[in-house]
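Contents: one structure, followed by commentary.
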Amino acid sequence: MDSGAEMCSSFDDLMGLLRVRIVRGVNLTVCDVSTSDPYVVLRMGGQKLKTHVIKKNVNPEWNEELTFSVTEPIMPMKVRVYDKDTFTQDDSMGDAELDILPFVEAVKLNLEGAQDGTVLNKIQPNRQNCLSEESRIVLLDGKVTQYVCLRLRNVECGEVELQLQWVHLPGKRLS
């Protein structure tokens, strides 16, 4: 009986869903002889999601959607790329972190009457974030969408391209 009450209170804290499309990796580091078998792990709060492995490719195209439940307080999304190994522990191919607060703030805007393609915010790369280029939050097909290119840390090279999209929940109003 208690678990039902916990589920209700956690649903009350739920702001919406964050759909993350892991588009591709660019110039990822070589971990095996001449290539790697990369996959991506995303973490936010206590949630952990992972893509499938792409064999022998340092420029993989995942085009895979993963979905997080977003609650208050809003946690940064942690991105880590690994090389899948058969007989040993998987190798780290770098990591990055993305502050989703600017994205959530854009979702909270009153967008009634806003034109498709409207730029809601621009985030510049700086020493505090992992952006490799300007990231734009736009209204696309009536949905708040952000394109992100993250430079991987703790590795000699590599970037991961993501697309974020907000999914409103029926009866949930963000304020």
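- Remark: Glu65 CD to Gln163 CD distance equals 7.5 Å, nearest 0.5 Å.
- Nearest heavy atoms, Met93 versus Cys31: CG-SG, 3.5 Å.
- No chain of hydrophobic side-chain contacts below 4.5 Å, direct or via other Ile, Leu, Val, Met, Phe, Trp or Tyr residues, connects Tyr147 to Ile22.
- A 6.0 Å sphere centred on CD of Gln124 holds more than 12 heavy atoms belonging to other residues, nucleotides or ligands.
- For CZ of Arg21, the number of neighbouring non-hydrogen atoms (other residues, nucleotides, ligands) closer than 6.0 Å is greater than 12.
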Carefully, step by step, assess Leu152 and Leu28 under the rule side chain to side chain contact (heavy atoms under 4.5 Å, CB included). CA-CA 9 Å; Leu152 297 173; Leu28 299 178; 3.7 Å; yes
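- Of the possible polar contacts, none joining the Ser135 side chain to the Cys149 backbone as a donor-acceptor pair under 3.5 Å is found.
- Side-chain contact between Thr145 and Arg136 is absent, with no heavy atoms from C-beta onward closer than 4.5 Å.
- For the pair Arg43 and Met75, the minimum side-chain heavy-atom distance is 4.5 Å or more.
- Panel note: side chain Asp90, backbone Asp85; a donor-acceptor pair is recorded below 3.5 Å.
- Here the straight-line distance linking atom OG1 of Thr51 with atom CG of Leu49 works out to 10.5 Å at 0.5 Å rounding.
- Rounding to the nearest 0.5 Å gives a distance of 5.5 Å between CG of Leu111 and CG of Leu120.
- Checking side-chain atoms of Asp99 against main-chain N and O of Leu101 turns up a donor-acceptor pair under 3.5 Å.
- Each of Glu64, Glu161, Glu61 was compared with Arg24 under the side-chain hydrogen bond (donor to acceptor under 3.5 Å, both in side chains) criterion, and only Glu161 meets it.
- Annotation: side chain of Tyr39 is not in contact with side chain of His52 (no heavy-atom distance under 4.5 Å).
- Within the 4.5 Å cutoff, the side chain of Val53 has no heavy atoms near those of the Pro38 side chain.
- In terms of heavy atoms, Phe68 sits closest to Met77 at CE1-SD, 3.7 Å.
- Between Phe103 and Trp166, the ring-plane angle classifies as tilted under the 30° and 60° cut-offs.
- A distance of 11.0 Å separates CZ of Arg151 from SG of Cys157, quoted to the nearest 0.5 Å.
- When all heavy atoms of Ile123 and Gln146 are compared, the pair lying nearest together is CD1-NE2, 3.6 Å.
- Distance check: Lys56 NZ to Ser34 OG gives 8.0 Å after rounding to the nearest 0.5 Å.
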Does the side chain to side chain contact (heavy atoms under 4.5 Å, CB included) test come out yes or no for Glu97 and Arg153, once each step is laid out? CA-CA 9 Å; Glu97 197 168 277; Arg153 304 177 294 197; 3.9 Å; yes
Side chain to side chain contact (heavy atoms under 4.5 Å, CB included) between Asp32 and Asp37, worked out: CA-CA 8 Å; Asp32 299 332; Asp37 304 316; 3.4 Å; yes
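- If you chain together hydrophobic residues whose side chains sit under 4.5 Å apart, Leu98 and Ile74 fall into the same group.
- Atoms CZ and NZ, from Arg80 and Lys48 in turn, are 10.5 Å apart once rounded to the nearest 0.5 Å.
- A heavy-atom distance below 4.5 Å is not found between the side chains of Leu66 and Val40.
- When all heavy atoms are compared, the tightest approach of Val144 to Leu139 is N-CD1, 4.1 Å.
- Between Leu131 and Asn126 the shortest side-chain heavy-atom distance does not fall below 4.5 Å.
- Across every non-hydrogen atom of Val104 and Met15, the tightest pair is CG1-CE, 3.6 Å.
- The shortest distance between side-chain heavy atoms of Leu162 and Val23 does not fall below 4.5 Å.
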Applying side chain to side chain contact (heavy atoms under 4.5 Å, CB included) to Leu109 and Val107, what does each step give before you reach the verdict? CA-CA 6 Å; Leu109 296 172; Val107 168; over 6 Å; no
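- A donor-acceptor pair is defined here as one N or O able to donate and one able to accept, closer than 3.5 Å; no such pair exists between the side chain of Asp91 and the backbone of Asp83.
- Under the 4.5 Å side-chain heavy-atom criterion for ILVMFWY residues, a single connected hydrophobic cluster contains both Val155 and Val160.
- Here the options are Leu150, Val79, Val81, Asn154, the test is side chain to side chain contact (heavy atoms under 4.5 Å, CB included), and the partner is Asp95; only Asn154 passes.
- Counting all heavy atoms, side chain and backbone alike, Asp116 lies closest to Asp141 at OD1-N, 2.5 Å.
- Within the 4.5 Å cutoff, the side chain of Pro76 has no heavy atoms near those of the Met44 side chain.
- A distance-only check finds no donor-acceptor pair linking the side chain of Asn59 to the backbone of Val26 [under 3.5 Å].
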